[in-house]
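A note on names: the letters A, B, ... follow the listed sequences, proteins ahead of strands, and every chain is numbered from 1.
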Amino acid sequence: AQKITQTQPGMFVQEKEAVTLDCTYDTSDQSYGLFWYKQPSSGEMIFLIYQGSYDEQNATEGRYSLNFQKARKSTNLVISASQLGDSAMYFCAMRELVQGGKLIFGQGTELSVKP
Amino acid sequence: ETGVTQTPRHLVMGMTNKKSLKCEQHLGHNAMYWYKQSAKKPLELMFVYSLEERVENNSVPSRFSPECPNSSHLFLHLHTLQPEDSALYLCASSQDSAGSYNEQFFGPGTRLTVL
């Protein structure tokens with residue numbers, strides 16, 4: 001069974017607008033962490049933001065915020081005021097406590113920011 | 001600047017060659033990881049090392065042989081590879097391997113092409 005699902009293979013957004021990237025996950029564990037990474041064309045995976053399963057508030061980091069809905073098992077990434085440099089692949093990932101260090105990634109969403 | 005470096009950045013090798021990928025982290029972390037990223041697929045975890053001991057081998061073929069001589073260095077020795085092994089190989093490190101929160105810092109990757 002797929003643990004992390006990103007249903008949007010590609011997204012377009014106009015510069016300076018906000019965009020939401022979807023991610024749903026599947027786990028029976030009560031303790032887990034959710035991560036978002038950005039991968040530009042250079043290949044490096046850049047950590048963006050983290051949400052713990054027990055965190056009551058949605059995580060925010062600068063222009064990045066999460067819409068975390070635990071009951072629906074979704075953690076959507078919101079990028080506000082998109083910039084041309086935001087064009088990249090975005091990966092959602094989950095780490096379950098019982099799985100130790102294993103980080104499971106979704107298939108990614110390719111975001112293109114239009115000028 | 002993530003503190004994780006990988007060499008070489010690009011590698012082309014024949015199926016009979018033997019080569020090694022190198023990863024070095026300057027973050028004082030205790031855990032290191034190898035991932036494989038093939039086109040149009042999620043990242044696949046290959047190996048996890050914690051305090052220089054292998055804690056996970058994710059059903060990786062024996063033609064991939066990891067080595068972790070100390071907590072700062074990780075190698076991936078390659079021999080008798082197949083064309084389907086062509087991919088981006090990413091190294092990552094984190095403070096520890098366990099726990100639901102342990103942000104992983106990634107290197108820039110090695111783009112491997114097997115002819």
Nearest atoms (heavy-atom pairs only) where P42(B) meets G106(A): CB-O, 3.4 Å
Pairwise side-chain contact, L43(B) with M45(A), heavy-atom cut-off 4.5 Å (strictly under): yes
Atom CD of E56(A) with >12 non-hydrogen neighbours under 6.0 angstrom: no
Spacing of CD belonging to E103(B) relative to CD1 belonging to I49(A), to within rounding of 0.5 Å: 11.5 Å
Hydrophobic cluster identity match, F47(B) and L103(A), side-chain contacts under 4.5 Å: no
Shared hydrophobic cluster for L48(A) and F91(A) (ILVMFWY, side-chain gaps under 4.5 Å): no
Exceeds 12 heavy-atom contacts within 6.0 angstrom, atom NZ of K18(B): no
Structural part of S50(B) lying under 4.5 Å from a heavy atom of chain A: neither
R9(B) versus chain A, the contacting section by heavy-atom distance below 4.5 Å: side chain
Region of Q37(B) in contact with chain A, defined by heavy-atom distances below 4.5 Å: side chain
Exceeds 12 heavy-atom contacts within 6.0 angstrom, atom CD of Q30(A): no
Test log, rule ring pair (Phe, Tyr, Trp, His ring centres under 6.0 Å), inputs F47(A) and F106(B): CA-CA 8 Å; F47(A) 167 74; F106(B) 284 80; over 10 Å; no
Other residues, nucleotides, ligands: >12 heavy atoms within 6.0 Å of Q57(A) CD: no
Backbone of Q104(B) reached by a side-chain donor or acceptor of Y37(A) within 3.5 Å: yes
K73(A), NZ atom: more than 12 neighbouring heavy atoms under 6.0 Å: yes
Side-chain touch L88(B)/Q39(A), heavy atoms, less than 4.5 angstrom: yes
